[in-house]
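Written below as structure tokens is the structure these notes are about.
Proteins come first, then strands; the chains are lettered A, B, ... in the order of their sequence lines, and each starts at number 1.
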Number of protein chains: 2
Amino acid sequence: MARATRKIEILHAASKIVSERGIFNLTLEATAIEAGVSKGGLLYHFPSKEALVKGMVDHLAENYRDKIAASVAESANDKGKWIKSYADVTFNNPYPNKEMHAGLLAAKAVNSDLLDPIRTLYNEWQTKIEQDGIDPVKATIIRLATDGIWLSELFDLHHLGEERKEEVYLKLKNWIDE
Amino acid sequence: MARATRKIEILHAASKIVSERGIFNLTLEATAIEAGVSKGGLLYHFPSKEALVKGMVDHLAENYRDKIAASVAESANDKGKWIKSYADVTFNNPYPNKEMHAGLLAAKAVNSDLLDPIRTLYNEWQTKIEQDGIDPVKATIIRLATDGIWLSELFDLHHLGEERKEEVYLKLKNWIDE
DNA sequence: TTCACTATACTACCTGGACGGTTTTTTTTC
DNA sequence: GAAAAAAAACCGTCCAGGTAGTATAGTGAA
């Protein structure tokens with residue numbers, strides 16, 4: 001089974017390894033085993049390690065873009081819908097974030113250029129966020145604060161308690177409409 | 001020459017390699033060469049790679065702690081001096097941030113437990129920031145926004161222009177005293 | 001004598017990637 | 001619609017190169 005799916009299974013396996021065992025354990029063999037495929041099979045889909053990591057980043061960038069776009073689409077067309085969607089998705093979606101973390105770390109380790117799709121995404125969002133009917137500085141601060149949560153989760157540096165996190169989230173949301 | 005200094009030179013060399021060439025090029029040999037020391041010499045100071053990375057993290061944590069503490073000390077004892085110092089130092093000090101980036105990435109790659117000193121630091125600051133005379137939620141948002149800048153610089157994801165960055169900085173500062 | 005190294009050699013292991021198959025699926029031909 | 005051909009998807013082994021860490025003998029300074 002699984003035609004186009006195999007590639008994606010392999011990408012998930014790679015992310016899982018990075019998340020659970022760290023970059024240094026992201027080897028072709030380990031990825032193959034985790035994905036339930038042979039090394040040769042893996043190399044058929046991704047002809048090099050760099051190609052594999054590129055696959056991770058491209059995949060997650062596409063996913064994240066869709067996720068935000070979907071959230072924006074179902075918003076009423078009120079002002080601030082981009083920053084609101086960005087904050088919503090990032091605060092409340094542990095899953096794509098995990099993959100994001102793995103992809104970022106892997107790309108940074110293997111070849112920084114592989115981060116370009118994320119940079120593109122970031123620039124797109126920043127533009128939208130700043131041109132969405134609210135003060136761009138305020139919008140940028142909300143965006144940065146959201147990213148701050150991200151940083152903290154990426155390195156597991158500090159757990160805001162759930163209540164504090166919720167308070168922050170609500171205060172940011174209210175601030176948008178102020 | 002250079003008694004206690006050599007160790008620190010080695011740590012700087014290691015950070016430089018991580019920053020410029022990425023984690024995978026942080027080998028013992030490369031570090032020794034960059035530091036102008038023999039491999040044996042390096043291993044004399046840091047008996048394993050993990051010890052080296054631990055040295056990086058410990059050193060930068062100490063540095064960062066001092067830096068913030070110094071900034072707090074020279075503040076008038078007005079409310080919000082902790083968050084103000086945190087934002088000041090992080091916004092305006094590209095140097096320790098670079099080392100921080102390298103240390104975080106190296107520790108995350110080699111062994112997440114090595115991040116513990118940073119976690120401790122983070123917890124200390126969060127406590128101080130929340131008990132410093134201003135609304136803790138507001139203080140936390142400022143802290144998160146500051147960290148957002150960090151994330152962006154760490155992966156080189158997006159350059160806020162200098163003006164926009166300055167606007168953000170000023171708006172956050174004003175917000176503290178509001 | 002000890003400390004802080006240098007220089008070199010060596011081991012044991014791991015990893016990316018090449019390579020030459022084999023099996024499964026799809027397409028074409030009769 | 002069955003057989004044949006071709007393409008796609010995959011397997012498993014091998015190897016050159018690199019790496020952490022060990023070992024060892026020696027050097028100069030305090």
Side-chain angles (χ1 to χ4, degrees), chain A residues 1-59 102-103 105-114, chain B residues 1-18 20-57 59 102-103 105-114:
Chain A
M1 75 192 100
R3 241 161 327 275
T5 318
R6 256 292 148 66
K7 283 189 86 161
I8 291 175
E9 280 173 11
I10 291 170
L11 295 175
H12 286 327
S15 291
K16 195 177 175 200
I17 289 169
V18 174
S19 295
E20 294 178 358
R21 290 185 259 161
I23 286 289
F24 287 146
N25 290 301
L26 182 72
T27 65
L28 296 181
E29 202 186 349
T31 306
I33 292 169
E34 180 73 41
V37 85
S38 71
K39 195 170 169 184
L42 186 151
L43 284 165
Y44 172 79
H45 290 292
F46 301 101
S48 71
K49 192 174 180 178
E50 185 160 328
L52 173 63
V53 174
K54 178 168 158 46
M56 291 170 74
V57 175
D58 290 354
H59 180 245
L105 291 172
K108 181 82 183 172
V110 168
N111 177 356
S112 280
D113 292 344
L114 298 179
Chain B
M1 74 193 105
R3 238 160 332 273
T5 319
R6 257 292 148 65
K7 283 189 84 161
I8 292 174
E9 282 173 11
I10 292 170
L11 295 176
H12 287 325
S15 290
K16 195 175 174 203
I17 288 170
V18 174
E20 295 178 357
R21 290 185 260 162
I23 287 288
F24 287 146
N25 290 302
L26 183 73
T27 64
L28 296 181
E29 202 186 349
T31 306
I33 291 170
E34 179 74 39
V37 86
S38 70
K39 192 176 167 183
L42 184 149
L43 284 165
Y44 174 78
H45 290 291
F46 302 101
S48 70
K49 192 172 181 180
E50 185 160 331
L52 174 63
V53 174
K54 176 168 158 48
M56 292 171 71
V57 174
H59 180 246
L105 290 173
K108 181 79 184 175
V110 169
N111 176 357
S112 279
D113 292 344
L114 298 178

Could you tell me the separation between the [atom1] atom of [X] and the [atom2] atom of [N], rounded to a whole number of Å?
X       : N      : atom1 : atom2 : result
A:Lys39 : D:dC14 : NZ    : P     : 13 Å
B:Ile10 : C:dA4  : CD1   : C1'   : 11 Å
A:Leu42 : D:dA9  : CG    : P     : 14 Å
A:Phe46 : C:dG16 : CZ    : C1'   : 16 Å

Let me check the geometry of the helix from C:dT1-D:dA30 to C:dC30-D:dG1. What is the bend angle between the axes at its two ends, five pairs each, to 10°?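 One end axis against the other gives 10°.
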First locate atom CG of A:Leu11, then atom OG1 of A:Thr5, and finally report the distance between them rounded to the nearest 0.5 Å.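 That separation rounds to 11.5 Å.
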Value rounded to 0.5 Å, distance of OG in A:Ser15 from CD1 in A:Ile10: 12.0 Å
For B:Glu9, the option from B:Arg6, B:His12, B:Lys7 that meets side chain to side chain donor-acceptor pair (under 3.5 Å): B:Arg6
Heavy-atom closest pair (A:Val57 atom, A:Gly103 atom, distance to 0.1 Å) is CG2-O, 3.8 Å
Looking at every heavy atom in both A:Ala32 and A:Leu42, which two are closest together, and how far apart are they?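 Heavy atoms of A:Ala32 and A:Leu42 come nearest at N-CD1, 3.5 Å.
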N or O in side chain of [X] less than 4.0 angstrom from [N] OP1/OP2:
X       : N      : result
A:Tyr44 : D:dC10 : no
A:His45 : D:dA9  : no
A:Arg6  : D:dA9  : no
A:Lys49 : C:dG16 : yes

Quick one, B:Leu105 with A:Leu105, criterion side chain to side chain contact (heavy atoms under 4.5 Å, CB included). Give me CA distance, side-chain angles, the key distance, then yes/no. CA-CA 8 Å; B:Leu105 290 173; A:Leu105 291 172; 4.0 Å; yes
In numerical order, the residues of residues 21-34 of chain B whose heavy atoms come under 4.0 Å of DNA chain C are none
Distance-only check: which donor-acceptor pairs under 3.5 Å involve side-chain atoms of residues 22-31 of chain B, not counting sequence neighbours?
{"unit_1": "B:Asn25", "atom_1": "ND2", "unit_2": "B:Arg21", "atom_2": "O", "d": "2.6"}
{"unit_1": "B:Thr27", "atom_1": "OG1", "unit_2": "B:Ala30", "atom_2": "N", "d": "3.1"}
{"unit_1": "B:Thr31", "atom_1": "OG1", "unit_2": "B:Thr27", "atom_2": "O", "d": "2.8"}

What's B:Leu43 touching, base or sugar-phosphate or nothing? Going by heavy atoms closer than 4.0 Å. base
Verdict with reasoning, A:Asn111 to A:Val53, per side chain to side chain contact (heavy atoms under 4.5 Å, CB included): CA-CA 9 Å; A:Asn111 177 356; A:Val53 174; over 6 Å; no
Taking atom NZ of B:Lys54 as the centre, report whether more than 12 heavy atoms of other residues, nucleotides or ligands fall under 6.0 Å from it.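 12 or below, so no.
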